[in-house]
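Take a look at the structure set out below.
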Protein chains: 2
Amino acid sequence: MNLKELATKLGLSPTTVSRALNGYPEVNEATRARVIAAAKRHNYHPNTRAIRLATGRAMAVGHVIPIATRHEIVNPVFADFIAGAGEIYSRNDYDMILSVVADEDEEATYRSLKSKGNVDGVIIHAPRLNDARIPLLREIGLPFVVHGRSTGAAEPYNWVDVNNRRAFQRATEFLLDLGHVRIGLVNGLEFMDFAIRRRTGYLDALAARGIGPDPSLMFSGEMTEFSGYRASQAMLALPRPPTAILCSSMISGMGARRAVEGAGLVIGRDISIIIHDDDLSYMKNGEDVPIFTATRSSVREAGRLAAEMLLHVIAHPDAGPQQRLLEAELIIGQSTGPAPKA
Amino acid sequence: MNLKELATKLGLSPTTVSRALNGYPEVNEATRARVIAAAKRHNYHPNTRAIRLATGRAMAVGHVIPIATRHEIVNPVFADFIAGAGEIYSRNDYDMILSVVADEDEEATYRSLKSKGNVDGVIIHAPRLNDARIPLLREIGLPFVVHGRSTGAAEPYNWVDVNNRRAFQRATEFLLDLGHVRIGLVNGLEFMDFAIRRRTGYLDALAARGIGPDPSLMFSGEMTEFSGYRASQAMLALPRPPTAILCSSMISGMGARRAVEGAGLVIGRDISIIIHDDDLSYMKNGEDVPIFTATRSSVREAGRLAAEMLLHVIAHPDAGPQQRLLEAELIIGQSTGPAPKA
DNA sequence: GAATCGCTTCAAACCGCTTTGGATAGCCAA
DNA sequence: TTGGCTATCCAAAGCGGTTTGAAGCGATTC
């Protein structure tokens with residue numbers, strides 16, 4: 001059942017039927033009601049492909065996922081972000097297109113997405129310092145929103161981000177207030193912008209109390225369980241081990257916990273741990289009582305906000321750059337306590 | 001730059017240019033070379049929307065993701081599957097469309113995907129016993145491949161699955177061989193088909209040694225860390241606790257580990273643990289030496305295979321039902337050992 | 001020399017919708 | 001009566017490709 005058939009059945013022109021269904025004013029309300037009823041009765045759904053060609057809009061948004069060579073983006077955090085964004089897209093009749101491509105094809109993918117007209121806009125994931133994708137997308141004229149920020153970008157751009165610096169600064173201050181002085185940082189990969197900001201927050205808080213950086217207490221790597229385990233284990237083996245560890249994710253925090261317990265220490269008494277909690281749906285930080293003290297910010301909500309922003313940017317290309325900074329909450333759990341007496 | 005412009009520039013008709021670029025035989029090879037060169041020079045990329053309308057194919061595949069009310073599908077396993085499938089799609093110039101919809105809209109989503117012509121086929125995730133989606137998709141005539149199987153389906157359908165029954169049977173036998181008799185099962189939700197099969201494998205292995213089921217050693221729930229923790233904790237608190245636990249995922253296994261260590265027991269000595277390892281890229285079961293003894297099967301590879309199967313089914317609608325059963329490996333790690341002397 | 005054939009190429013229809021630019025009819029003021 | 005509005009509706013032209021049916025043309029065949 002297509003538009004022409006429906007129009008014939010109704011004894012109307014395709015023009016009128018199309019207008020009736022799309023809410024245009026130049027159609028008699030009685031006629032409109034008749035058309036709508038007939039459309040429902042005959043289970044008419046306009047062909048998306050035809051709409052797209054006729055309107056010149058893709059009604060789709062792209063997420064390009066480079067396959068890991070340097071950094072695995074297909075991680076639990078990504079999944080939750082996608083879920084949040086996807087809610088918004090389907091609510092607005094947009095398709096979400098995921099392109100999984102080799103690292104080196106990423107630029108070509110954006111260009112082809114634009115020139116072949118597959119999408120109306122894209123979301124940039126996991127931005128780095130001076131991320132090359134920002135000038136690229138500006139150049140090819142594809143609307144975009146960045147999930148995160150990219151320090152060093154020349155001009156303003158659209159982004160949704162958590163205040164990572166402040167979050168880690170507060171977490172560090174919280175530990176300092178508990179008397180901790182030697183605080184380890186198990187960070188993400190520090191060519192990622194968010195990881196840089198977290199480190200900055202951590203260092204700022206330490207510096208404010210006159211504590212300088214100690215490289216042996218600072219680790220940067222993939223945020224896996226194993227990586228968190230090994231980094232924590234190494235720190236605990238130091239002559240002067242930390243009394244607290246700040247972890248960049250729930251998963252690396254679980255690795256840290258394994259290392260601490262493996263060393264026969266008790267979390268919250270001998271060693272305090274704070275994690276960053278993305279509030280993942282299938283990896284809750286406890287149910288009623290949080291397992292870990294954490295800086296919490298829902299990445300799913302960030303996905304919703306970024307998607308909404310992108311749709312807004314697509315609809316209003318000339319509105320200025322949109323920006324949204326989210327604050328993380330500091331959630332007190334069972335993994336922190338006063339620094340043990342020396 | 002579109003086809004007509006390019007044709008004009010070349011002094012050819014759009015027909016010939018189209019055919020030259022699409023490899024049709026009825027075009028002079030010299031002309032074809034000239035066309036291809038011009039297309040490259042002018043950076044011509046055919047408009048996807050036009051191709052789709054003209055050919056009547058969507059060149060896209062859908063993955064419908066119901067938002068959690070009963071079961072959260074947006075989990076790490078799902079993310080890796082998607083990554084694998086996505087590789088295949090982009091290699092074949094197909095788009096991967098993710099539809100995130102409320103549970104109750106799932107059926108409507110499939111119907112609209114079909115009638116609006118957004119996709120050429122779909123992949124069904126997380127099938128249940130007598131899954132309603134299978135007859136539904138057959139009814140509306142949308143090609144599909146199931147990731148997993150659905151016990152009770154009336155007619156054969158396309159699927160890619162791991163031999164879950166055999167995997168858990170072997171894992172259980174392995175534990176039995178080590179002298180374990182009281183073996184706990186921390187399973188996924190048992191309205192999911194894979195969880196049912198795993199339970200069957202576990203029970204079959206026990207029954208073969210004359211051991212009957214003990215409900216207090218069998219848990220079924222979401223595969224989260226917390227759920228694994230609580231289930232294991234409860235089992236360990238029994239008057240006659242298990243000496244081994246079989247977990248349905250890496251994540252619930254991590255919860256089990258926490259419970260075991262929290263009880264002051266040593267894994268691999270006091271309690272053995274076997275998990276099912278989906279070989280997730282960001283949640284490796286150790287690096288060189290596996291942390292957990294595990295039944296391993298790459299869900300990413302399953303995603304690749306399912307995607308390939310779907311593209312094949314789309315291209316050859318009349319080929320019979322395709323099926324692919326993968327066997328899991330049994331990987332020996334550090335989490336298992338002989339049953340402790342009573 | 002005419003008919004046939006294979007190789008190339010093209011004009012035009014078509015995919016299913018949107019949108020522009022009328023056309024028609026009813027109604028009211030002049 | 002007539003011109004001007006307004007309210008409705010429609011024919012036709014796109015959107016940018018693919019595909020059908022036909023035609024031009026030199027070579028071959030009879």
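In the text below, chain A, chain B and the rest are named by the order of the sequence lines, each starting its count at 1.
A side chain to side chain donor-acceptor pair (under 3.5 Å) with B:T151 is found for exactly one of B:D131, B:N130, B:D193, namely B:D193. Exactly one residue among B:N47, B:D120, B:D95 makes a side chain to side chain donor-acceptor pair (under 3.5 Å) with B:R52. That residue is B:D95.
Among the atoms of the strands shown, only primed sugar atoms or phosphate atoms (P, OP1, OP2) are found under 4.0 Å from some heavy atom of A:I51.
Side-chain atoms of B:V160 and B:M309, non-hydrogen and from C-beta on, do get closer than 4.5 Å to each other. A heavy-atom distance below 4.5 Å is found between the side chains of A:R91 and A:I88.
The interatomic distance linking B:R57 (CZ) with D:dT19 (C1') rounds to 13 Å, in whole Å. In this structure, the CG atom of A:N118 is 13 Å from the P atom of D:dG17, given to the nearest Å. Per the geometry, NE2 belonging to B:H45 stands 12 Å off P belonging to D:dG17, to the nearest Å. Rounded to an integer number of Å, the gap from CG of A:N47 to C1' of D:dC15 is 14 Å.
Ring geometry for A:H125 versus A:H63: interplanar angle of 30 to 60°, hence tilted.
Partners of A:S150 under the side chain to side chain donor-acceptor pair (under 3.5 Å) rule, at least two apart in sequence or in another chain, do not exist in this structure.
Along DNA chain C, the stretch of nucleotides lying under 4.0 Å from any heavy atom of chain B spans, 5' to 3', C:dT8 to C:dG16.
Between A:E107 and A:R111, at least one side-chain nitrogen of the basic residue sits less than 4.0 Å from a carboxylate oxygen of the acidic one, meeting the salt-bridge criterion. Taking 4.0 Å as the cut-off between side-chain N and carboxylate O, B:K116 and A:D93 count as a salt-bridged pair.
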All N/O contacts under 3.5 Å from nucleotides 9-11 of chain D to the protein, with atom names and distances to one decimal?
residue, atom, partner, partner atom, Å
D:dC9, OP1, A:T31, OG1, 2.8
D:dC9, OP2, A:N28, N, 3.1
D:dC9, OP2, A:T31, OG1, 3.3
D:dC10, OP2, A:S13, N, 2.9
D:dC10, OP2, A:S13, OG, 3.2
D:dC10, OP2, A:T16, OG1, 2.9
D:dC10, N4, A:R19, NH1, 2.5
D:dA11, N7, A:T15, OG1, 3.4
D:dA11, N6, A:T15, OG1, 2.6

